[in-house]
Novice: 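Following this message is one structure expressed as structure tokens.
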Amino acid sequence: MATREVFWNISYPYVMYLLAALGVAYWIYSLYQRYQLWRIGRPDECTQEIGKRIRVFIQTLLTEILTHRKFLRDPFPGIMHFLIFWGWIILLLASAVDAFTYYANLHLVGTPYLWFSLIVDIGGLLVIIGMLMAVLRRYILKPERLNSVFDDGIITALILIILVTGYMVEGLRQAATELKTHPEWALWSPGGFVFAKAFEGMDEESLRFWHQWLWWFHALMTIGGFVYVGLVFSKFQHILVSPLNIFFRNLGPVGVPAPIDIEKAETLGVGEIKDFTWKQLLDLDACTNCGRCQDACPAWATGKPLSPRKVIQDLKVHMVKANKKQTHSSESVPTLVGEAPTEEEIWACTTCAACQETCPVYVEHLVKIIDLRRNLVLAHSKMPETAQLMLRNMQSRGHPWAGIQSLRLRGDWTSEIEVKVLSEGDRVKTLFWVGCTGALAERNVKATLSMAKVLKAVGIDFGVLGEAETCCGDPARRAGYEFQFQISAEQNIETFKNHQIQEIITMCPHCYHTLKNEYPKYGGAFKVIHYTQFLYDLIQQKKLNLSHALALNLTYQDPCYLGRYNHLYQEPRQVLQALPQIRLKEMERSRNRSFCCGGGGGHMWIEEQPGTTKINQMRLEDVLKTGADTVVTACPYCLQMFEESIEHKGMKETLKAKDLVELVEEAMEATRT
Amino acid sequence: MNTIVCVKQVPDPEIPPAKFKIDPETKKVVPPPGVPPVISVYDERAVEAALRLKDKHKGKITVISVGAGKVSDVVRHALSMGADEGFVIEDGAFENLDSFGTATVLSKAIQKIGGYDLILCGRQAADWGAGQVGSILAEILGIPVVTFACGIEAVDKKLRVRRVVKDGFEILETPMPSLVTVSSEIGLPRLPAGMSLMLARKKQIPVWKPQDIGLDLSDLDKEKAHTEIIGLSIPTRKKECEIITGTTPAEAAIQLAEKLSQLF
Amino acid sequence: MDGYQGVLVCGELAEGKLAPITIELLGIGRKLADELGEKVSLLLMGNPIGHLGQEAIAYGADQVFVAEDPLLEVYNSDAYTYLMADLCRKINPSIVLFGHTDMGCDLAPRLNGRLGGGLTMDCLTLSIDPTTKRLISTRPVFGGNAHATLMSKSARPQMATLRQKIVAPAERNDSRKGEIIPVEGKIDPSIIKMKVVERLKEEVEGVKLEDAEVIVSGGRGIGSAQNFKMLRELADLLGGAIGATRPACDEGWVPASLQIGQSGKVVSPKLYIAVALSGAMSHISGCLGSKVIVGINKDPEANIFNVARYGIVADYKEVLPALISKLKERLSK
Ligand SMILES: Cc1cc2nc3c(=O)[nH]c(=O)nc-3n(C[C@H](O)[C@H](O)[C@H](O)COP(=O)(O)OP(=O)(O)OC[C@H]3O[C@@H](n4cnc5c(N)ncnc54)[C@H](O)[C@@H]3O)c2cc1C
């Protein structure tokens, strides 16, 4: 019967066990040390709801990790990782089976043994192919996003050596044993067989000699691997740390920073590494420097200094350094911002969330950047001049637009259409929340009026706040000016409660996100719907009569705060599809991979830093590739940004930027006139 | 070093010109609805000047404001920037005070607070812009006054004030206490931040009535006003753009030059 | 009324001569005095200045008070206030006029505080109410959005600072007769509490954007850094600064610090000349506070014409040279 002798030709195998135990122990100790390092951070809420976390984790494991759904969006590295990942799983499981059957005296024999040998060898082969792809990519193709460090070379070499020596050991054994007795068995271990054939001519003694040496070499490399990984806290640790990070990841809405408790806060935002929570520090170690986020980042793409990858990596280096300084000398901790990352990097972020969306290990960049901004703004009053101007405006005028904004005042639009403007004591169930840009910027007022017309046409009883509406607080919050956000939130919640509002329809995705996902922490839980959802519902209920043909070639820009933040990809598209005679052509980067317009995170007002181009101009190129004559969006910032980039390109005649609701209103026109 | 800063609440000066309305009858400005009043720009810079001194020399900043209605918001704004204490002096009689009247009320409040090394005012208010309250106040208190400051330092119990003049600056030395009026050249006021912003929200701002500061309201009698506004009007402004044409662009330019030189 | 009589002009010197504003004040002072049938006096402070008395008389003063003292050589608020208050208490003028200058803005309110008069600053017009014979003054309020007319009921003297260059200067007539009266008494140095320790002339390249009374702004249509020189020339001519739209800054034609608009600086000069810029709202919001906006654009539909007071529809390269040379001519007059 086909089988093999475990520990064939090996004396004192327990020495190997002893060394392995020491190696693994050291590795575990290194993890413990790292755990201590994370613990310099503040507590985090993520230790709550463990039950739910386990459920979600298993779900993620099954639907995402094992399938490599996120990885495979990027085929080459995706396949590469897939091969290595599954190869290792096979090898690990096989080793476990091997050990178990050996010690349980259930020796695998016969056909099962042969199949087992084959699967193991295929596992190793998958890893080798994957690793060769990695070598090809990292050292020959060298995509821009990869930032190779010494550790990458070491672990690549280590894995390849371990695997190849594994096959060699197998080959030497086969050459000395079964190749002579049962050559057909050897075929079931193809990896080993290749080497067995090569060694065939050697005499038994040399085979035994080399086998023994190589076996120990292979074992020591593997054990040494553990020590190495522990010693330098190699990226290889991600095998453990990244799943841990996925387990503890934020399960709530994306990009919602923690409130600052004024009464208790000792620091404002993150000024030193220990001001992060421990989970945020865990994040730093979970990052494998893969660069997917950098590829997705609009700031990076347009030549700004920000790379989310670099921010995380720099913070990681800083974490280790700052901790050493703290424990080994009385020297003060190095300042965080400036050393890693710089102010320019921090302010370049548009909070578009593309980095987080693409990260396979759920690193959360956004909140960190906001935390860093908070410290700059709240504790040091350091911010770009244009950010300060915006925040001053919010503070004194209740909106972020510069002093004299157009010739408009907040409530002016209400005089252009008859709507119920709520005054003291009025009660209404549904509030139409316009937002600052929708009320003040000439171009956006058009969309606001369209929405009001649609609402009236379908006979909804709704109210607006008119001049009493103030900013939702979004730009302040993204810019780190948390207190102003808090003041806005509390004020608005009070206003909503005073009018006994139950349901809020927002024009702006940023207001939507803020009201829906951030106000609950301040005691304001209302039903918040974005107008695209509202229109979608109307269409579902067949309450919208869209009969007027528009005959347009459209493409749709997913607003970040609608898509990635709130997963509303379908609703706006369904509404578009319901418009008569339109053709919708998607841009290459769309839905969750949509590319930012450049206006989020306060950047509607904070001047974009110099780069190779502007974000909105880069996005316009995507639009042009579709051949569309109209780019539709559902966000006032996107609309502004497109209007500007179209103007810049001198294409006003051939390309229009529209708000979705403007098209809906146009399509309805026919029914009413 | 103890500083008292006088601040005024004014209608937002950035109201679009087209929205600017007045009532010629009552000679008052009718602020458009939904545009909250703000702290007068120069006064905000006076607060900033005080904060810069405090950053260097420690001490206490007290902010006061006189008003007929609710003006505690501007005091709160100053507190949120980092001032330590604030008072509001409120009475219906303070409506339409002239510069002398305002200075009189302020002087009484300042005498009640006492113990000051420096009093700061804005160089003028952003609304009526009379530009005299600081100087009159200094005269009432009998202390020196330096106007149009764009920098203040405290050196050996004296103040070194950088004053803006037409073609540069002068640096003046003045004893403590003195009154200094602050000009915008001092630089942007800080964004209210840090704890002060949140703490300011919860702080009680005492409201003083005339009797609390020993003010005899009859001193403010309208008959005794030093100046009186007898008319208020909006200068006629052509809304329409006048397109200047000529047989050649250069000719149009010459016509434009004629029009522009009338502006100077 | 109550023994207050006559118009007193507070004189200012510029490079050893009567300052232009003083000649303007003598002109309007003369007019006011004539309406009241009273005298015009001028106070000159400095050291030495006696020779200017006769000239002042030629410009319309009936009396010239001359105060000469080493302590008056340069403007000092303590000394000047003291001296002027002293004189006013002696001669009881009904009206006291100042220029709206560095000195006038400092001295007038302080003197007013000391004398308890009624002062109006930055006046655009001054006249006498025919019935009450009181001084009526108008001045801009609310950043120029409105004009207020003011009067003093009983407070005396009635004082005003007059904005420069808005009234015609007095005509010189060397045959005029008048009195030159030296002001008696030395100034006691102990009343001087504050002193100027240093004067610094500011060597800025042009005027600061935020403070400029005139701004010439260029947009994408300017085309190059080289072409911006033309705007600079116009700005220098008018004592103003240059500004720009975002695209012009982006192109590197001018530094980013000159960007005006929603994400740049907010300015409110008296005159804003917008050249080859379309007038996008995000730009315009930074300059809508300007008193007069002039648009020069080759596109008649450009939005700038919706906010401008004057417009020229043409290529700016054909407009600016003529504009500059004509303005040069006018301003040198
Ligand atoms: C979030 C955001 C913030 C922004 N912030 C600002 C800001 O702070 N400041 C700012 O300025 N912009 C800002 N912008 C940009 C703004 O929207 C406009 O794109 C910009 O102001 C247009 O600049 P422009 O008028 O110079 O260029 P254009 O709009 O291209 O106008 C050029 C004009 O020049 C005219 N022209 C061309 N050649 C000539 C010639 N030879 N003679 C006469 N006329 C000529 C053309 O007719 C045209 O009207 C912002 C945009 C966004 C989206």
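All chains are named by letter (A, B, ...) in the order of the sequence lines, taking the proteins before the strands, and each is independently numbered beginning at 1.
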Novice: When heavy-atom pairs shorter than 4.5 Å are enumerated against chain B, which of G311(C), S325(C), S77(C) gives the highest number?
Specialist: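 Of G311(C), S325(C), S77(C), G311(C) has the most heavy-atom pairs under 4.5 Å with chain B.
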
Novice: State the CE-CZ distance between M194(C) and R160(B), to the nearest 0.5 angstrom.
Specialist: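 So the CE of M194(C) and the CZ of R160(B) are separated by 15.0 Å.
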
Novice: From S99(B) OG over to N112(C) CG, what is the distance, rounded to the nearest 0.5 angstrom?
Specialist: 8.0 Å

Novice: For residues 122-151 of chain B, which residue pairs qualify under salt bridge (Lys or Arg N to Asp or Glu O under 4.0 Å), counting only residues two or more places apart or in two chains?
Specialist: K8(B)-D127(B), E139(B)-R110(C), E139(B)-R114(C)

Novice: Check the pair R162(B), L200(C) against side chain to side chain contact (heavy atoms under 4.5 Å, CB included), reporting the backbone distance first and the verdict last.
Specialist: CA-CA 10 Å; R162(B) 211 174 146 92; L200(C) 304 160; 3.6 Å; yes

Novice: Surrounding NZ of K195(C) (heavy atoms of other residues, nucleotides or ligands, distance under 6.0 Å), is the total greater than 12?
Specialist: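 At most 12 heavy atoms, drawn from other residues, nucleotides or ligands, come within 6.0 Å of this atom.
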
Novice: Among the options P144(B), G129(B), S233(B), pick out the one with the most heavy-atom pairs lying under 4.5 Å from chain C.
Specialist: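 Answer, by heavy-atom pair count under 4.5 Å with chain C: S233(B).
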
Novice: Measuring from atom OG1 of T147(B) to atom CE of M103(C), what distance do you get when rounded to the nearest 0.5 angstrom?
Specialist: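 Atom-to-atom, T147(B):OG1 and M103(C):CE are 12.0 Å apart.
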
Novice: Hey, what do you get for CD (E228(B)) to CG (L150(C)), rounding to the nearest 0.5 Å?
Specialist: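 Nearest 0.5 Å value for the CD-CG distance: 9.0 Å.
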
Novice: As an exercise, state the distance from NZ of K328(C) to OG of S261(B), rounded to the nearest 0.5 Å.
Specialist: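 Here the interatomic distance stands at 15.0 Å.
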
Novice: Is the closest side-chain heavy-atom distance between C105(C) and F148(B) below 4.5 Å?
Specialist: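 Yes - at least one pair of side-chain heavy atoms lies under 4.5 Å apart.
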
Novice: Could you tell me which portion of I230(B) (side chain, backbone, both or neither) has an atom closer than 4.5 angstrom to a non-hydrogen atom of chain C?
Specialist: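 For I230(B), heavy atoms of backbone and side chain both lie under 4.5 Å from chain C.
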
Novice: Check whether K259(B) gets within reach of chain C through its side chain, its backbone, both or neither, counting any heavy atom under 4.5 Å.
Specialist: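 The side chain, not the backbone.
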
Novice: Roughly how far, to the nearest 0.5 Å, is CG of L232(B) from OG1 of T138(C)?
Specialist: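 Output value for this atom pair is 11.5 Å.
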
Novice: Counting a contact as any heavy-atom pair under 4.5 Å apart, which residues of residues 243-253 of chain B contact chain C?
Specialist: I243(B), I244(B), P249(B), A250(B), A252(B), A253(B)

Novice: Can you say whether V29(B) sits under 4.5 Å from chain C via the side chain, the backbone, both, or neither, judging by heavy atoms?
Specialist: side chain

Novice: Sort I273(C) into side chain, backbone, both or neither according to what part of it lies under 4.5 angstrom from a heavy atom of chain B.
Specialist: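 Answer is side chain: those atoms of I273(C) sit under 4.5 Å from chain B.
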
Novice: Any heavy-atom pair between the side chains of V196(C) and I171(B) that's under 4.5 Å?
Specialist: no

Novice: Would you tabulate the side-chain donor-acceptor contacts of residues 34-41 of chain B under 3.5 Å, counting partners in other chains and residues two or more places apart, or write 'none'?
Specialist:
residue	atom	partner	partner atom	Å
S40(B)	OG	A126(B)	N	2.9

Novice: Charged N to carboxylate O below 4.0 Å: is that the case for D102(C) and R163(B)?
Specialist: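 Judged by the 4.0 Å cut-off on N to carboxylate O distance, D102(C) and R163(B) do not form a salt bridge.
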
Novice: Ignoring hydrogens, what is the shortest heavy-atom contact between F20(B) and A146(C)? Give both atom names and the distance.
Specialist: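 Closest heavy-atom pair between F20(B) and A146(C): CE2-CB, 3.8 Å.
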
Novice: Mind ranking L111(C), I312(C), T120(C) by heavy-atom pairs under 4.5 Å with chain B and telling me who comes out on top?
Specialist: I312(C)

Novice: Which region of L119(C), side chain (C-beta onward) or backbone (N, CA, C, O), has a non-hydrogen atom less than 4.5 Å from a non-hydrogen atom of chain B, or is it both or neither?
Specialist: both

Novice: Show the atom names and distances, to 0.1 Å, of all donor-acceptor pairs under 3.5 Å that link a side chain in residues 151-158 of chain B to residues at least two apart or in another chain.
Specialist:
none

Novice: State whether the side chain of H226(B) and the backbone N or O of G116(C) hold a donor-acceptor pair below 3.5 Å, judged by distance alone.
Specialist: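 Such a contact is found between H226(B) side chain and G116(C) backbone.
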
Novice: Side-chain contact test, heavy atoms from C-beta onward, threshold under 4.5 Å: evaluate it for E258(B) versus R330(C) and give yes or no.
Specialist: yes

Novice: Specify the closest pair of heavy atoms between L327(C) and A257(B), including all atoms of both residues, with the distance to one decimal.
Specialist: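 So the two residues come closest at CD2-O, 3.7 Å.
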
Novice: Over 60° means perpendicular and under 30° means parallel, so classify the ring planes of W128(B) and F142(C), tilted if in between.
Specialist: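 Ring orientation of F142(C) relative to W128(B): perpendicular.
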
Novice: Measure across S152(C) and T227(B) and return the closest heavy-atom pair with its distance rounded to 0.1 Å.
Specialist: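 Residues S152(C) and T227(B), closest heavy atoms: OG-CG2, 3.7 Å.
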
Novice: Would you check if L260(B) and V294(C) make a side-chain contact, meaning some heavy-atom pair closer than 4.5 Å?
Specialist: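 When only atoms from C-beta onward are counted, V294(C) and L260(B) do touch, with a gap below 4.5 Å.
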
Novice: Could you tell me which of P175(B), A225(B), S178(B), A103(B) has the largest number of non-hydrogen atom pairs under 4.5 Å with chain C?
Specialist: P175(B)

Novice: Please classify the contact of A314(C) with chain B as side chain, backbone, both or neither, using a heavy-atom distance under 4.5 Å.
Specialist: side chain

Novice: Check P109(C) against I136(B) and note the closest heavy-atom contact, atom names and distance.
Specialist: O-CG1, 3.8 Å

